[in-house]
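Working notes, structure below.
Chain naming here is simple, since letters A, B, ... match the order of the sequence lines and numbering starts at 1 in each.
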Number of protein chains: 2
Amino acid sequence: MATLADVAALAGYNKSTVSRALTRPEMVAPDTLARIHDAAKQLGYVLNRTASHLARGRTGLVAFVVPTLENAFFAPIIGGAQARAAASDLHLTVAVATLETPAQVAALTRLAGQVDGLILAAPRGEDAHVAAIGATKPIVLVDREIPGLPSVVADTATAIGQVVSGLAARGHHRIAYLGGPSGSWQDPGRAAAARAAALDAGVTLSVHGPFPATFAAGVSAAEEVLASGATAVVPYATALALGLMLALRGRGLHVPDDIVVSAETQVTDALGAPGIPAIDVDGESLGRAAMDLLTSPSAGTLRLPVRVSWS
Amino acid sequence: MATLADVAALAGYNKSTVSRALTRPEMVAPDTLARIHDAAKQLGYVLNRTASHLARGRTGLVAFVVPTLENAFFAPIIGGAQARAAASDLHLTVAVATLETPAQVAALTRLAGQVDGLILAAPRGEDAHVAAIGATKPIVLVDREIPGLPSVVADTATAIGQVVSGLAARGHHRIAYLGGPSGSWQDPGRAAAARAAALDAGVTLSVHGPFPATFAAGVSAAEEVLASGATAVVPYATALALGLMLALRGRGLHVPDDIVVSAETQVTDALGAPGIPAIDVDGESLGRAAMDLLTSPSAGTLRLPVRVSWS
DNA sequence: ACCGGTTGTGCAACCGGTTGCACCGCCGAC
DNA sequence: GTCGGCGGTGCAACCGGTTGCACAACCGGT
């Protein structure tokens with residue numbers, strides 16, 4: 001591997017000039033620049049990030065922390081962040097932690113020492129624990145707000161309110177809301193929005209949960225949903241919706257004729273029936289926004305709209 | 001941040017001795033070790049990985065490359081690899097690439113220059129392209145075999161053969177196999193196993209595809225499946241199965257009364273009906289095995305069994 | 001008492017860039 | 001014709017560990 005010194009020798013300049021030519025071209029005379037670029041190309045020089053990072057006191061790593069990898073919801077978010085990270089010459093390292101236990105907080109604190117910044121997606125620990133990590137390193141929250149920390153959240157509460165109103169308008173009198181994992185920051189807001197919309201429309205809303213955002217939990221929720229007598233269900237997550245749909249069908253009910261379940265457009269489209277609400281979060285945008293917030297910091301919350309549509 | 005030099009000063013030793021005490025304790029006298037550990041603890045010393053990596057000529061990074069993040073199939077694999085990586089003090093950085101285009105190969109080659117090793121999950125590029133990356137850095141393949149490269153694959157072909165046989169034994173005469181993404185290495189083996197089992201049992205097998213491993217593709221496959229007249233379907237991936245199931249139900253068919261679709265246990269359980277085959281791949285084990293293969297190299301393929309069960 | 005062999009520690013070079021500061025030459029201004 | 005200023009470059013220290021080599025002390029054996 002060619003080093004800066006090699007390039008310098010070939011071009012007839014000093015290491016430092018070469019370094020400047022490569023990182024701050026405006027500090028160097030044009031023809032010097034050209035000669036150095038030539039030499040670099042000729043030698044196939046590529047920057048040694050490790051050395052660069054050591055000298056600069058940075059690591060070039062950003063940790064993306066998710067509560068779980070089982071929930072496909074986070075995949076596009078990671079994808080979006082990853083794309084932006086690559087554009088800034090950063091690496092994204094993925095870690096799994098909810099921040100609910102001291103051990104997890106400790107592990108994440110250790111990890112924080114090895115990265116330039118963290119993106120915490122839907123962390124479930126206490127404000128103070130999360131903030132403590134934010135005190136050490138730049139940090140951005142996704143789908144969670146903590147005063148003083150920058151964050152980007154999908155405005156699903158509003159969306160869910162719209163869904164409940166729409167369902168009521170379509171004649172549903174009993175609606176069920178299936179809550180997310182305990183500790184979820186989004187959940188209370190969604191439940192509240194659902195309640196408010198139901199109250200407003202004069203329909204009954206039953207709130208169930210908490211449930212992990214998994215297919216299996218959706219299956220296990222079927223019983224409770226049936227008992228509630230609801231004709232429409234608004235689950236916290238797509239995985240939950242899918243599990244519920246299949247379990248309902250396993251009990252002989254027809255979705256959506258007997259009971260309507262909201263999900264993503266992708267899923268509601270498949271059913272090919274009208275009147276099913278779809279809630280679509282643009283995960284990639286969330287991820288990109290989070291990464292952008294990390295690289296060009298600014299406090300406050302960025303609230304991204306969520307699309308609601310009806311099949 | 002305390003440095004080695006600080007610890008050395010406090011403990012009354014030289015940097016080098018401290019370094020050795022921390023990395024190769026057996027080279028240092030017991031009481032020296034104790035004093036150094038004391039000093040380190042007192043100062044809250046933690047190793048600067050960047051400096052360490054520079055001196056050692058390594059980066060401590062392993063790239064985990066997946067063809068897509070949309071498919072939840074890779075999540076547990078990443079999780080498993082991540083867990084093992086953490087145990088070896090390595091960071092996992094996730095990248096998305098199929099290796100099908102020169103641009104992707106180039107991007108991955110660049111990435112390869114910044115990591116200590118790569119795990120390529122289900123890469124879809126040509127053998128030569130993949131092997132070229134393997135020539136630069138240690139590499140492990142997941143769900144793909146290329147002569148000369150270490151790999152770990154889930155033996156889904158065998159599982160699919162069992163499923164087809166079992167379906168035939170349960171009275172299905174027309175069975176459909178839904179293929180995976182074009183370029184998938186696993187797909188031909190699975191299709192072949194399905195064909196062999198069908199031939200063996202004297203039933204008809206129709207092979208469809210290629211399909212991306214997504215929910216939407218499953219939906220779009222419904223038409224073709226219906227046209228085939230199959231009473232049982234074996235899809236390449238769970239997402240495909242779910243999409244298919246919902247689309248079939250959207251067309252008024254009952255799963256599994258009218259048509260049986262294989263999936264993961266999780267999904268088949270939800271249906272609460274007997275006679276549905278389930279195929280379960282232990283993703284975490286795959287990931288762990290891949291990481292282990294990377295850290296303690298050995299050529300050849302590690303073939304992990306896949307569980308088949310019937311609801 | 002002498003010697004070859006451990007064992008434990010220090011010295012200093014090194015990994016490969018980055019950057020503050022000094023220096024040189026050339027410019028326009030007075 | 002001098003002088004301040006500035007663009008361009010080199011020098012060397014530095015980031016924080018790692019490691020080859022030298023060396024001193026101490027071991028048991030003869």
Side-chain angles (χ1 to χ4, degrees), chain A residues 1-61 89-91 110 113-116 137, chain B residues 1-61 89-91 110 113-116 137:
Chain A
M1 279 288 82
T3 73
L4 256 199
D6 298 333
V7 177
L10 179 60
Y13 288 91
N14 187 281
K15 280 196 336 176
S16 55
T17 303
V18 177
S19 174
R20 285 189 275 255
L22 267 32
T23 57
R24 286 200 294 272
E26 73 282 2
M27 289 188 64
V28 155
D31 58 333
T32 302
L33 204 56
R35 266 196 281 280
I36 288 179
H37 276 144
D38 274 2
K41 180 164 304 171
Q42 200 172 318
L43 266 48
Y45 171 79
V46 329
L47 175 70
N48 180 324
R49 314 251 159 213
T50 309
S52 172
H53 291 324
L54 175 59
R56 296 189 126 123
R58 309 190 315 95
T59 68
L61 261 185
D89 252 344
L90 290 169
H91 281 294
R110 199 167 340 114
Q114 304 179 38
V115 300
D116 290 338
K137 290 283 165 110
Chain B
M1 276 292 81
T3 73
L4 256 199
D6 299 333
V7 177
L10 180 60
Y13 289 91
N14 187 280
K15 281 198 335 176
S16 55
T17 302
V18 176
S19 174
R20 285 190 273 255
L22 267 31
T23 57
R24 286 200 293 271
E26 74 281 2
M27 288 188 65
V28 154
D31 58 333
T32 302
L33 202 56
R35 267 196 282 278
I36 288 179
H37 275 144
D38 274 3
K41 179 165 301 171
Q42 200 172 320
L43 265 48
Y45 170 78
V46 329
L47 176 70
N48 180 324
R49 314 246 159 219
T50 310
S52 174
H53 290 325
L54 175 58
R56 298 188 124 123
R58 311 190 312 98
T59 68
L61 262 185
D89 252 343
L90 291 168
H91 281 295
R110 199 166 340 112
Q114 303 178 39
V115 300
D116 290 340
K137 291 280 165 118

Problem - Boundaries of the chain B footprint along DNA chain D (any atom under 4.0 Å from a heavy atom) - result: D:dG16 to D:dG20
Problem - Spatial distance of atom CE (B:Met27) from atom OG1 (B:Thr17) [nearest 0.5 Å] - result: 9.5 Å
Completion exercise
Minimal heavy-atom distance between B:Asp6 and B:Met1, with the atoms involved, is OD2-O, 4.0 Å
Exercise for the section: Find which nucleotide of DNA chain D each of A:Asn14 and B:Leu47 is nearest to by heavy atoms, and output the residue with the more 5' nucleotide. Expected result: A:Asn14
Fill in the blank from the handout: From CG of B:Asp31 across to P of C:dT7 the rounded distance in Å is 16 Å
Completion exercise
Between A:Thr17 and B:Ser16, whichever has its closest DNA chain D nucleotide further toward 5' is A:Thr17
Handout entry: Which atom of B:Ala11 lies closest to which atom of B:Arg35, heavy atoms considered
Key = CB-O, 4.2 Å
Exercise for the section: Mind checking B:Val28 for me? I need base, sugar-phosphate or nothing, with any heavy atom below 4.0 Å counting as a touch. Expected result: sugar-phosphate
Practice task
Look up atom CG in B:Leu90 and atom CG in B:Leu61, then write down how far apart they are to the nearest 0.5 Å.
Solution key: 8.5 Å
Exercise for the section: Using a 4.0 Å heavy-atom cut-off across all strands, classify A:Arg24 as base, sugar-phosphate, or nothing. Expected result: sugar-phosphate
Handout entry: B:Lys15 backbone acceptor or donor facing B:Ser19 side chain under 3.5 Å
Key = no
Practice task
Test A:Tyr45 against every option in A:Leu10, A:Val18, A:Val7, A:Ile36 by the side chain to side chain contact (heavy atoms under 4.5 Å, CB included) rule and name the one that passes.
Solution key: A:Val7
Practice task
Kindly compute the distance separating CD (B:Glu26) from CG (B:Leu33), expressed to the nearest 0.5 Å.
Solution key: 9.5 Å
Exercise for the section: Find the runs of at least 3 consecutive base pairs, i with j, i+1 with j-1 and so on, that include DNA chain D, using Watson-Crick or G-U wobble geometry with both distances under 3.5 Å. Expected result: C:1-30 with D:1-30
Completion exercise
Rounded to the nearest 0.5 angstrom, the CG-OG1 distance for B:Asn48 and A:Thr59 is 9.5 Å
Exercise for the section: Could you tell me whether A:Thr50 contacts a base, only the sugar-phosphate backbone, or nothing, with contacts defined as non-hydrogen atoms closer than 4.0 Å? Expected result: nothing
Problem - Over all atoms of both residues, closest heavy-atom pair of A:Asp89 and A:Arg49 - result: OD2-NH1, 3.1 Å
Practice task
Send over the distance from B:Leu4 CG to C:dG10 C1', rounded to a whole Å.
Solution key: 14 Å
Exercise for the section: Looking at every strand, decide which applies to B:Thr23 at a 4.0 Å heavy-atom threshold: base, sugar-phosphate, or nothing. Expected result: sugar-phosphate
Practice task
Identify, between A:Lys15 and B:Gly12, the residue whose nearest nucleotide on DNA chain C lies closer to the 5' end.
Solution key: B:Gly12
